[in-house]
Amino acid sequence: MNTIGGELKVFCGNANIALAQAISNTLGLPVGRAEVSTFSDGEISVNIDETVRGVDVFIIQPTCPPVNHNLMEILIMIDAFKRASAGRITAVLPYYGYARQDRKAKARDPITAKLVADILTAAGANRVLTMDLHASQIQGYFDIPVDHLLGVPILARYFKEKRLSDVTIVSPDIGSVTRTRNFANHLNAPIAIVDKRRPKANVSEIMNVIGDIEGRNVILVDDLVDTAGTITQAANMLKEFGAKEVYACCTHPILSGPALQRIKNSAIKELVVTDTVQLPKEKQNGKIKVISVAPVFSEAILRIHKNISVSKLFDW
């Protein structure tokens with residue numbers, strides 16, 4: 001679909017209004033007028049308060065907690081824009097929920113990452129823009145174009161500016177090794193790997209550390225922190241194994257359940273996150289540093305609108 005010369009408009013649901021506003025400000029545009037509310041029985045109501053006929057529409061809505069509500073908001077918004085004859089609809093999902101169930105780990109497991117991809121497409125999305133999927137192959141679950149942005153360069157830049165000495169980048173599990181290697185390349189640092197097993201969801205047991213971390217500043221790298229069990233256990237173990245200072249970073253700070261207390265009581269000196277998920281004030285503390293992804297998302301939106309390369313942003 002060609003929308004060159006057409007108008008660009010940015011809308012948002014209620015999941016992360018602050019990020020949507022920051023992206024719009026960077027683009028020099030107002031957030032589109034749309035009322036997203038609920039009826040008394042909890043059903044979601046969407047009213048688009050301006051014309052979008054033939055417009056290149058971008059809907060900013062991470063599917064973060066409350067996941068089901070936020071997912072339904074963007075699905076209903078997509079349907080509303082489709083029926084209002086929008087020229088193209090791009091679902092901007094800074095955080096793509098349900099991504100952790102991306103394969104059948106055991107018999108009779110669902111693959112929710114594929115299910116959500118199908119639902120978004122069926123609702124009428126023409127394109128998806130997201131950041132740091134739990135597994136990159138989720139892009140293949142979509143039958144529409146997916147632009148997958150990377151959070152590693154943004155987080156790595158922050159630590160590069162800290163000028164830490166004797167740094168080792170640590171993967172909290174085997175699955176995050178590729179992300180950790182990419183992060184380490186930005187800092188020209190060695191890596192180490194925490195060997196763990198997960199007996200059940202949101203529960204992990206640390207087994208061993210592969211690599212040299214004694215007397216070194218270590219940075220744990222992950223795509224998301226949910227209950228913070230894995231990353232805090234890893235941080236405490238790294239400290240016991242002789243690490244000097246333990247830092248951690250992730251793109252998506254879900255921070256549910258006991259996460260905040262675990263982080264507060266852990267050996268983590270600083271947890272660096274992005275604003276793909278909006279942290280309410282009660283979840284912010286002295287250990288958590290938030291970096292905005294608004295500049296990279298606004299640039300990606302502009303490039304998509306103009307039909308020019310988005311891959312240049314991978315070196316952002």
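Heavy atoms only, all atoms of each residue included: A267 and N236 are closest at N-OD1, 2.9 Å. The minimum heavy-atom distance between P172 and D222, with the atom names listed, is CG-OD2, 3.5 Å. When all heavy atoms of G211 and A192 are compared, the pair lying nearest together is CA-CB, 4.0 Å. Between I48 and A34, the shortest heavy-atom contact is CD1-CB, 4.0 Å. The minimum heavy-atom distance between G124 and I78, with the atom names listed, is C-CG2, 3.5 Å. Heavy-atom minimum distance, A20 versus V31: O-CG2, 4.0 Å.
For S256 and D226, the side-chain atoms include at least one donor-acceptor pair closer than 3.5 Å. Side-chain N/O atoms of D275 and S292 include a donor and acceptor closer than 3.5 Å.
Looking at R53, its side chain never comes within 3.5 Å of a backbone N or O of S85 through a donor-acceptor pair. In terms of modelled atom types and a separation under 3.5 Å, the side chain of H252 and the main chain of M131 share a donor-acceptor contact. Under the 3.5 Å distance criterion, the side-chain polar atoms of R181 are left unmatched by any main-chain donor or acceptor of I191. No donor-acceptor distance shorter than 3.5 angstrom exists from the side chain of H148 to the backbone of L129, with no hydrogens or angles considered. A donor-acceptor contact shorter than 3.5 Å links the side chain of Q139 to the backbone of S136. Distance alone, capped at 3.5 Å, places no donor-acceptor pair between the S176 side chain and the D173 backbone. At least one donor-acceptor pair under 3.5 Å links the side chain of K239 to the backbone N or O of K244. Counting only distance, with no hydrogens or angles, the side chain of Y95 and the backbone of P253 share no donor-acceptor pair below 3.5 Å.
For residues 282-292, there are no salt bridge (charged side-chain N to carboxylate O under 4.0 Å, His left out) pairs, not counting sequence neighbours. Each side chain to side chain donor-acceptor pair (under 3.5 Å) pair with one or both residues in residues 62-77, not counting sequence neighbours, appears once here: N14-E73, Q61-E73, N68-Y98, H69-E73. Residues in residues 161-180 take part in no ring pair (Phe, Tyr, Trp, His ring centres under 6.0 Å) pair, two or more places apart or across chains. Residue pairs satisfying the salt bridge (charged side-chain N to carboxylate O under 4.0 Å, His left out) criterion with at least one member in residues 18-28, sequence neighbours excluded, are absent. Within the structure, side chain to side chain donor-acceptor pair (under 3.5 Å) contacts touching residues 23-38 (residues at least two apart or in different chains) are Q21-N25. Listed by first and then second residue, the salt bridge (charged side-chain N to carboxylate O under 4.0 Å, His left out) pairs involving residues 10-31 amount to none (not counting sequence neighbours). Counting only residues at least two apart or on different chains, the salt bridge (charged side-chain N to carboxylate O under 4.0 Å, His left out) pairs with a member in residues 117-131 are K114-D118, R127-D147.
How far CG of L149 is from OG1 of T276: 11.5 Å, rounded to the nearest 0.5 Å. Rounding to the nearest 0.5 Å places CD1 of I213 at 10.0 Å from CD of E240. Distance CZ/F11 to CG/D49: 9.0 Å, rounded to 0.5 Å. A distance of 6.0 Å separates CZ in F297 from OG1 in T130, rounded to the nearest 0.5 Å. We find the CG-SG distance between L255 and C250 to be 6.5 Å, quoted to the nearest 0.5 Å. Taken to the nearest 0.5 Å, the CE atom of M237 stands 15.5 Å off from the OG atom of S266.
For N16, the side chain to side chain contact (heavy atoms under 4.5 Å, CB included) test picks out A18, L19, P62, Q278, with sequence neighbours left out. Applying the side chain to side chain contact (heavy atoms under 4.5 Å, CB included) criterion to L115, with sequence neighbours excluded, gives I119. Residues that satisfy the ring-ring contact (aromatic ring centres under 6.0 Å, His included) test with F58, not counting sequence neighbours, are absent from this structure.
V221 places none of its side-chain heavy atoms less than 4.5 Å from the side chain of L155. For the pair T90 and I59, the minimum side-chain heavy-atom distance is 4.5 Å or more. In this structure, the side chains of T121 and F142 come closer than 4.5 Å at one or more pairs of heavy atoms. Taking 4.5 Å as the limit, some side-chain heavy atom of I89 sits within range of a side-chain heavy atom of K82. Counting heavy atoms from C-beta outward, I60 and V10 have side chains that approach closer than 4.5 Å. Between Q101 and P110, some side-chain heavy-atom pair lies under the 4.5 Å cut-off. Side-chain contact between T274 and V290 is absent, with no heavy atoms from C-beta onward closer than 4.5 Å. I301 places none of its side-chain heavy atoms less than 4.5 Å from the side chain of I304.
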Apply side-chain hydrogen bond (donor to acceptor under 3.5 Å, both in side chains) to the pair T251 and D223, showing each step before the final yes or no. CA-CA 5 Å; T251 305; D223 63 322; over 6 Å; no

I138/Y96 under side chain to side chain contact (heavy atoms under 4.5 Å, CB included): CA gap, chis, key distance, verdict: CA-CA 10 Å; I138 292 173; Y96 182 76; 3.9 Å; yes

Tell me, with the steps shown, if F183 and C249 meet side chain to side chain contact (heavy atoms under 4.5 Å, CB included). CA-CA 11 Å; F183 193 101; C249 64; 3.7 Å; yes

Evaluation steps, side chain to side chain contact (heavy atoms under 4.5 Å, CB included), between R262 and Q233: CA-CA 9 Å; R262 285 174 172 173; Q233 283 184 42; over 6 Å; no

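Taking hydrophobic clusters as Ile, Leu, Val, Met, Phe, Trp and Tyr residues chained together by side-chain heavy-atom distances below 4.5 Å, V57 shares a cluster with L93. Residues I288 and V246 share a single hydrophobic cluster, defined by chaining ILVMFWY side chains whose heavy atoms lie under 4.5 Å apart. Taken together through direct or relayed side-chain contacts under 4.5 Å among Ile, Leu, Val, Met, Phe, Trp and Tyr, F241 and I268 form part of one hydrophobic cluster. With hydrophobic clusters built from ILVMFWY side chains whose heavy atoms lie under 4.5 angstrom apart, V128 shares a cluster with V55. Both L238 and I263 belong to a single network of hydrophobic side chains, linked directly or stepwise wherever heavy atoms of I, L, V, M, F, W or Y lie under 4.5 Å apart.
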Kindly list each side-chain donor-acceptor pair under 3.5 angstrom involving residues 159-170, sequence neighbours excluded, with atom names and distances?
from : atom 1 : to   : atom 2 : distance (Å)
K162 : NZ     : E270 : OE1    : 3.4
T168 : OG1    : D212 : O      : 3.4
T168 : OG1    : R216 : NE     : 2.6

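Side-chain contacts under 4.5 Å among hydrophobic residues (ILVMFWY), followed directly or transitively, place F39 with no other residue at all.
A salt bridge is absent between R103 and D109: the closest approach of a Lys/Arg side-chain nitrogen to an acidic carboxylate oxygen does not fall below 4.0 angstrom.
Under a cut-off of 6.0 angstrom, the local environment of CD in E214 is sparse, with at most 12 non-hydrogen atoms contributed by other residues, nucleotides or ligands.
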